[in-house]
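The structure appears right after this line, and notes come after that.
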Amino acid sequence: MINQDIARIFTEIAYLLEAAGEQKSQFEANAYLKASRAISSMQEDLETIYEKGGKDALLSIPGIGKGIADKIVEYINSGSIQKYEDLKKKYPIDFISLMKIEGLGPKKLAVLYQALGITNVEELRNAILNHKVRGIPGFGEKSENQLLKNIEMAERVSERIPIWKAYPEALRIKNYLESTGYALIVEIAGSTRRMKETIGDIDILAASEYPNALMDKFVEMDGVSSIIAKGDKKSTVSLKIGTTCDLRIVSKESFGAAMQYFTGSKDHNIKLRRLAIGKGMKLNEYGLFSGDKNIVSGMPEEKVYETLDLAYIPPELREDRGEIEAAAQKRLPEIVQYGEVKGDMFSKMDVSNIKNITGISYVFVDSGDGPLTDLYMYTFDGGRAVKTGASIKALDCSKLNAVSELKSASGVIMLYNIDSLGLPESAAVQNLIEKLSKSGIIVLINSSDVRPTSDFLYSLRKYDFKVAIGSFSDEPSLEGSMRFGIGITRRAWIEKNRIINTLDANALMSYLKNSQ
Ligand code: DGT
Ligand code: CA
Ligand code: CA
């Protein structure tokens, strides 16, 4: 259904018009907001309405006038709306997220953008913390403090949960639904499949010949605190872990297209739809159509990308950050597979008592908690951990001035908590990274705390540094927290050959020796 996409774009156009701030645009902005609300609450698909009844059918929808109907037609025919693209170029602001913060409207956001370049919540928070906002006309010291409180409030209301909480729960639900015997296929979709660091809700997709029975089992499963909606195509439950879960049942024939659609992200989908239109096709959650024929009927998700002349795009990359363009040129980064990591670069395990080490053949064990700590390497032999004599230094950037500390250090150094120095663009981080490039330092990823975030790592990826993934847990299993660290590198476009723990134990030992 393209309704949500169009509704979202109309809401954004309204904010953009208000931000532009001319008197006459207020009237127009209201018309877009009204249309957006009307479209969000519609049951029927706008595209179907248009195909059946043309523009007249669109005009008969309450809240939709001629100007707006033209925009809907433009979107159906091209996958984008020029007016929106033009406005967005002038104000590339994430209005949808920022408008959730009390005390901010389109006009104020436009001022913040023009004065400080603020386009999203993270940038706003950073500007407030650095006391940059209080100097802007219309803001003061008081409103700065209030805004910070309002940001926290907005985040509490949206209540996203970390991936390390959502993923195991999604996996448990998938396994449970499979065990009922009422499902032909069950898969995790949405941001959980993309391994996003925080999750708004869990999305599960299933194909079933017994949809009612499967939905019964779903709403009565363990971990459910209340039922929000129940139908034979979609149900939503609240989970005790503090989020909600959508289960959608789709036909076996459209499962591949539905996986593509419900994995998202929304922005990725919108771009892909536009690409399909450009090739004379139509893409939605039911299929990829040429005329009335679904070209990918009964085919897996991969077929959608293949039919659009794209290399297969791994879910973690689907954020509209250039992945579609790269896939068209068959130049996607060669990212690491989940099974390709061979060791744990930061373990908290007790080496005298080996537990679950599935998939891991060596660990580096933390020897203390100073700012610069030595990690000793162990391999496993017949259930015992054996010290190899190799070691690596890890520098906790949050505990000391990392840049000055580095001058006195020698040997290969891993930096952890690098994000505690500031945003990727800050001088402290940039200085450090400049040094990294020259001295072969390594950025350590904390798989348990899921940091630094993939956004952080993504904006630094152009520099020449290596990456190491540590579990930061006492269970260095590839089935445990390591998965989330691996996910960060995939989302950040970090190539596999930059991750040092894809080396086997011997190769890593020679790497460390040669870098001394
Ligand atoms: P979340 O839940 O906020 O962490 O993020 P997602 O990506 O899981 O978003 P969600 O749960 O709202 O929807 C799941 C997927 O369904 C989303 O990634 C793409 C697809 N989808 C949902 N709403 C829209 C929409 O308005 N337009 C398009 N094109 N796709 C949508
Ligand atoms: Ca979701
Ligand atoms: Ca959802």
Side-chain angles (χ1 to χ4, degrees), residues 1-12 36-37 39-42 45-47 72 75-76 79-81 84 94 96-97 100 121 154-155 157-167 169-170 173-174 187-206 218 228-229 231 233-239 241-250 254-255 257-277 282-288 301 304 313-321 323-324 450 453-455 487 491:
M1 213 128 105
I2 61 168
N3 296 22
Q4 290 97 315
D5 293 336
I6 295 180
R8 200 156 55 110
I9 290 172
F10 282 180
T11 299
E12 277 197 68
S36 174
R37 273 195 295 270
I39 292 166
S40 325
S41 60
M42 278 173 58
D45 182 20
L46 282 173
E47 194 167 24
I72 296 174
Y75 189 80
I76 291 171
S80 64
I81 295 174
Y84 169 70
D94 179 3
I96 303 273
S97 307
K100 290 186 180 135
V121 179
E155 281 178 344
V157 172
S158 79
E159 286 193 274
R160 301 182 66 84
I161 66 164
I163 180 77
W164 58 261
K165 235 187 216 178
Y167 187 83
E169 182 76 349
I173 295 171
K174 167 176 151 73
E187 293 295 347
I188 299 169
S191 52
T192 314
R193 182 167 182 235
R194 303 198 312 279
M195 296 295 279
K196 202 172 159 159
E197 284 85 347
T198 65
I199 305 297
D201 74 345
I202 294 173
D203 299 277
I204 309 274
L205 218 57
F218 175 64
I228 296 172
K233 292 194 176 67
K234 182 183 173 190
S235 297
T236 304
V237 295
S238 275
L239 297 172
I241 62 162
T243 191
T244 60
C245 177
D246 288 340
L247 171 62
R248 291 187 183 79
I249 300 182
V250 302
S254 56
F255 198 86
M259 271 305 278
Q260 195 291 309
Y261 184 88
F262 290 110
T263 294
S265 64
K266 292 184 185 104
D267 291 335
H268 174 90
N269 286 355
I270 289 173
K271 258 266 171 78
L272 208 60
R273 177 185 170 83
R274 198 180 312 163
L275 183 76
I277 291 172
K282 191 176 97 181
L283 177 64
N284 55 34
E285 62 266 57
Y286 305 109
L288 178 57
E301 179 193 50
V304 173
I313 303 177
E316 293 88 338
L317 297 180
R318 300 182 196 169
E319 299 289 350
D320 189 23
R321 291 209 272 212
E323 73 279 7
I324 293 175
V450 198
T453 61
S454 55
D455 283 354
R491 290 177 56 80

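Order of appearance sets the numbers: ligands from 1, and atoms from 1 within every ligand. Along the sequence shown, residues are numbered consecutively beginning with 1. The structure displayed is predicted, hence computed values, not measured ones. Side chains are part of it too, since the values below use all heavy atoms of this structure and drop only hydrogens, waters and symmetry mates.
Note: no N/O pair closer than 3.5 Å links Arg8 and ligand 1 by distance alone. Polar contact check, Ser191 against ligand 1: a nitrogen or oxygen pair lies under 3.5 Å apart. For a threshold of 3.5 Å applied to N or O pairs, the pair formed by Ile270 and ligand 1 contains no separation below that value. Taking distance alone, with nitrogen or oxygen atoms compared against 3.5 Å, Gln4 stays at or beyond that limit from ligand 1.
Between Ile199 and Tyr167, the closest side-chain pair of non-hydrogen atoms is not below 4.5 Å. In this structure, the side chains of Leu205 and Phe255 come closer than 4.5 Å at one or more pairs of heavy atoms.
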Passes side chain to side chain contact (heavy atoms under 4.5 Å, CB included), Glu155 versus Val121? Steps please. CA-CA 10 Å; Glu155 281 178 344; Val121 179; 4.1 Å; yes

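Residue Gly190 approaches ligand 1 through these ligand atoms, each under 4.0 Å from one of its heavy atoms: 8 (O). Applying the 4.0 Å criterion to heavy atoms of Ile199 picks out, from ligand 1, the atoms 4 (O). Within ligand 1, counting atoms from 1 as listed, the ones closer than 4.0 Å to a heavy atom of Gly200 are 1 (P), 2 (O), 3 (O), 4 (O).
Between the Asp201 side chain and the Thr244 main chain, no donor and acceptor come within less than 3.5 Å of each other.
Between Asp5 and Arg274, none of the side-chain N atoms (NZ, or NE/NH1/NH2) sits under 4.0 Å from a carboxylate O, so this pair counts as no salt bridge. Comment: Arg8 engages Asp267 in a salt bridge, judged by a side-chain N to carboxylate O separation of less than 4.0 angstrom. Using a 4.0 Å cut-off between charged side-chain N and carboxylate O, Lys233 and Glu285 make no salt bridge.
A heavy-atom separation below 4.0 Å is not found between Glu285 and ligand 1. At least one heavy atom of Thr263 sits less than 4.0 Å from an atom of ligand 1. For His268, the heavy-atom gap to ligand 1 stays at 4.0 angstrom or more.
Counting only N and O atoms by type, the side chains of Thr11 and Ser36 include a donor and acceptor under 3.5 Å apart. A side-chain donor-acceptor contact under 3.5 Å links Glu197 and Ser454. In the model, Asp246 has a side-chain atom that pairs as donor or acceptor with a side-chain atom of Thr236 under 3.5 Å.
When you scan the N, O or S atoms of Asp246 for the one nearest the Ca ion (ligand 3), you land on OD2. If you look at Asp201 and ask which of its N, O or S atoms sits nearest the Ca ion (ligand 2), the answer is OD1. Residue-level check: among N/O/S atoms of Asp203, OD1 sits closest to the Ca ion (ligand 3).
In this structure, atom 20 (C) of ligand 1 lies nearest to the protein heavy atom Tyr261 O, 3.3 Å. Protein heavy atom at the shortest distance from atom 3 (O) of ligand 1 is Arg160 NH1, 3.0 Å. Arg194 NH1, 2.9 Å is the protein heavy atom nearest to atom 7 (O) of ligand 1. In terms of protein heavy-atom proximity, atom 18 (O) of ligand 1 is nearest to Gly264 CA, 3.1 Å. Nearest protein heavy-atom contact of atom 25 (C) of ligand 1 is Asp5 OD1, 3.2 Å. Among all protein heavy atoms, the one lying closest to atom 15 (C) of ligand 1 is Phe262 O, 3.2 Å.
The proximity of Asp201 to ligand 1, defined as any non-hydrogen pair under 4.0 Å, involves the side chain as well as the backbone.
Here the CG-CD1 distance, from Leu275 to Ile324, works out to 7.0 Å after rounding to the nearest 0.5 Å.
The side-chain hydrogen bond (donor to acceptor under 3.5 Å, both in side chains) test with His268 is passed by exactly one of Arg321, Glu323, Glu319: Glu323.
Distances from atom 22 (C) of ligand 1 to the heavy atoms of Arg273, Lys266, Gln260 show the closest one on Lys266.
Between Ile228 and Ser238, the shortest heavy-atom contact is CD1-OG, 3.5 Å.
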